[in-house]
Structures are given as C-alpha cells and as structure tokens.
Amino acid sequence: MSADLRIAGARLWDSLCESAQFGAIPGTERGMCRLTLSDEDAAVRRWFVAACEDIGMTVSFDRLGTIRARREGTEPGLAPIAIGSHLDTQPTGGRFDGILGVLAGLEVVRTLHDAGIVTRHPIEVIDWTNEEGARFAPAMVSSGVFAGVFSLDYALGQVDRDGVTLGQALERSGFAGQTDPADHPMAAHFELHIEQGPVLENEGLEIGVVGGVQGIRWYDVVVKGQTCHAGTTPMALRRDALHSAARLAVAIDAIGRSDPGASLSTIGLFQAYPGSRNTAPGEVRLTVDLRHPEVAGLDRMEAALQADIATLEGDLGVAIAVTPVWSSPPVTFDPGVLNAIAGATQRLGYSHRTMLSGAGHDSVYTARVAPTGMIFIPCENGISHNIAENITPAQAERGANVLLQAVLDYDRHNA
Ligand SMILES: [Zn+2]
C-alpha cells in the first residue's frame, strides 16, 4: 500500500554526503562552496543527472540550465508534480540548504521505483539554477524566469564579480539547454527545506508546514557628509557621515523591533569612506533588508525609514539617498498543497506546527504560477548560510517521508 510507503533514510543520507564531495571546503567538517555554474556545481549536476538516469528518469535542461528529471505517470494529459530546490550553495555554506530538497526528490522517486508504484501525474525533480544569488544577483533567478518575474535575457546577462555573464558560465558548464524556462507546465511544486532559523528546534518540533513566505524589501543607502581632518575640525562644524549612519543604524534597528514577531530589519553591509584613521568619513554606504509577513507592515516600515532619514538629514546636515534594489511581496502558499503536507505529517505521527518562511525560496516564484507548498525540518541551532549548518539523518528522513506521502496524496486527489 502506498500509504505505508517510506523512503530509505540511509540512502538519502548517503546521497547527501556523497554530493558534498563537489565543493567541500578543505579543512572544514561540513563547509561547502558550490557557487552556481562553477566547476563544482557542474560536477554535482553531472552526478545528479547520472543518479536520475540510473532509475530511468528522463533529464532535460532549459536555457537557464534548470535541470528537470522526469518520471512519467499513468495519465498522459496531466502536468507534472514538481519537487524542486537547488544544488548551489553560498561561498561558505552548508550541505543541506537546497540540496536536501533536490536529493529528497530523488529519494522519493527511487522509493516509488523500488516499490513499482507509478503516479498518475509525471513527477519532475528540479534543480533550479542560481537560487542563492551569491555569484549572480538576483537570487532565485531561474524560478523567477519560469514564473515570468524576470526576462530570460535579463537573467542570462547578469554578471559575476569577474565580469562573466550567467549565460557564459552556463555555456561553459555544459548545461545550457534549448527550451524556454517559462514554457513548462507544472501541476504543483513541493519543496522540502531546512528551516534556516531556530523556531522548530526551540519548540522541539519535527516538521514545519510552511504557509507562506514573508515579504522582503532591499535598499541601498548612501549617506553623504563631508570628509574632514580629525585634529583640526571642531565637532560642532562636522558633517560626519559615519556618525549620521550610526544614528540611522539605531533607527533601523528600532524599525525591526516595532512589530514584535513580525517585523525584521537588517543592515548587512556598512562601509565608511575614505577609510583612514585620522579622517572623519564623508560617505557611508549601507544596505537595508526589511521583512514583514504583510504588505501593510512593509509599507509602515518603509515609511518609518523615510521619516527617520528626513529627521537625520535635518538634524545633522547630511544627505541620505535611499535606492530600492529588490522587493519580494509576501507569499501565501496553496491550500490544497498545504493540506496534502499537513495530512501526511499527521498520518506519519510527526510533531509539527504551521509557520512562515523567513527566507526567500524558489517556491516564492513557483507559487505565482502553480500550486505550491513547503515543508521545513529543523536545523542545528537554526544556523544556515554557514559552514556549521547541520541536520541529523532522522530529521532528513522525516522530511522526505512527509514529501513522499504529500506528493502521493496530491497525485491521487488532484487533476
Ligand atoms: Zn535554499
């Protein structure tokens, strides 16, 4: 009976460990550097393709190198149920962020293959190109093109810090395909991912049923004052960009604390120029990341940022320019997919809660064009985008079992 079917936890764990040989950071226990379309990424892609072909799947690439490994279903007219995530990593990342979602998809198909079960829908396991955005901005670019958020030419033209375009890196990797990324049917998209935060672990829970993703807005901020001599310029006559930026940083922190449990604010980059010990900086550049589950909340935070900037400009005689660089509206996932995930979790007897994702994922974009849902498992100390990122084999196994049973349930009950 397919309701009793379980994935092979040891095989999934072996795959996770085996895939980590491609891009492992020497001298670290689990650290990974597998930037998108690097030699290491191309190597893990070849490994993944071979593993999929081993169990009779048909593998194709689109013009952004998105890998789709397909297992046919019994009803030819149905669009595929996709299980997708990403195999690329941050420069000092771990071996589970994204990778778990792809390799759990492979494990689901291996399990069906061994049991001789054929689903009604085709199943496609997807490796979305450049999810991380670490080598080429923006993040989640191929799922974005798939969903019509970015144009194909825009994505192919993005440049890394060495001046290489994504299109050139793709050609070099050998994974440039012929088909239009946006021209691909999808019945549903399931993504299993590590939480990348501490909530599940803190609450001692095994599974997160992810109802959606909070909204994100990014800004570049430049504070301009006047560079001056540290020894000759009285304090009252200074227009110190760093002092102003520091006041702004405190204000931005307060914006993040303004709606506890919902609002978050981060300054990830903060650079003072010209950068000399005995010169008061005339310019500071910083980045701002605002997050909230609701558009109204994001609007309030953005208005507060603008008001704080106006106040500081008036008080301190500096000019502060804010440029929006990216925004991702809040996402609510599909009730049907979430029902399948929640039902599977309950039948499997795993402790769980519903939650929002704090991070962006490919599912944010697939949700625009196909019913989508996500499954979270806890990760150690909530750490991710870090070489210390870690999960246990049992956590991976539970997540993949939920994925398997949720996909089987969705396959039975949806056209
Ligand atoms: Zn990820």
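Read the numbers this way: they start at 1 and go in the same order the structure lists the ligands and their atoms.
D162 places no side-chain N or O within donor-acceptor distance of the main-chain N or O of V164, the cut-off being under 3.5 Å.
Classified by interplanar angle (parallel below 30°, tilted 30° to 60°, perpendicular above 60°), the ring pair H361/F376 is perpendicular.
Around atom CZ of R172, no more than 12 heavy atoms belonging to other residues, nucleotides or ligands sit under 6.0 Å away.
Smallest separation of non-hydrogen atoms from A147 and R368: CB-CB, 4.3 Å. The two atoms that bring S244 and L312 nearest to each other are O-CD1, 4.1 Å, heavy atoms only.
The set of protein atoms (N, O or S) found at less than 2.8 Å from the Zn ion (ligand 1) reads H86 NE2, D97 OD1, H193 NE2, by chain and number.
Under the 6.0 Å distance and 45° angle rule, R285 counts as a cation-pi partner of Y273.
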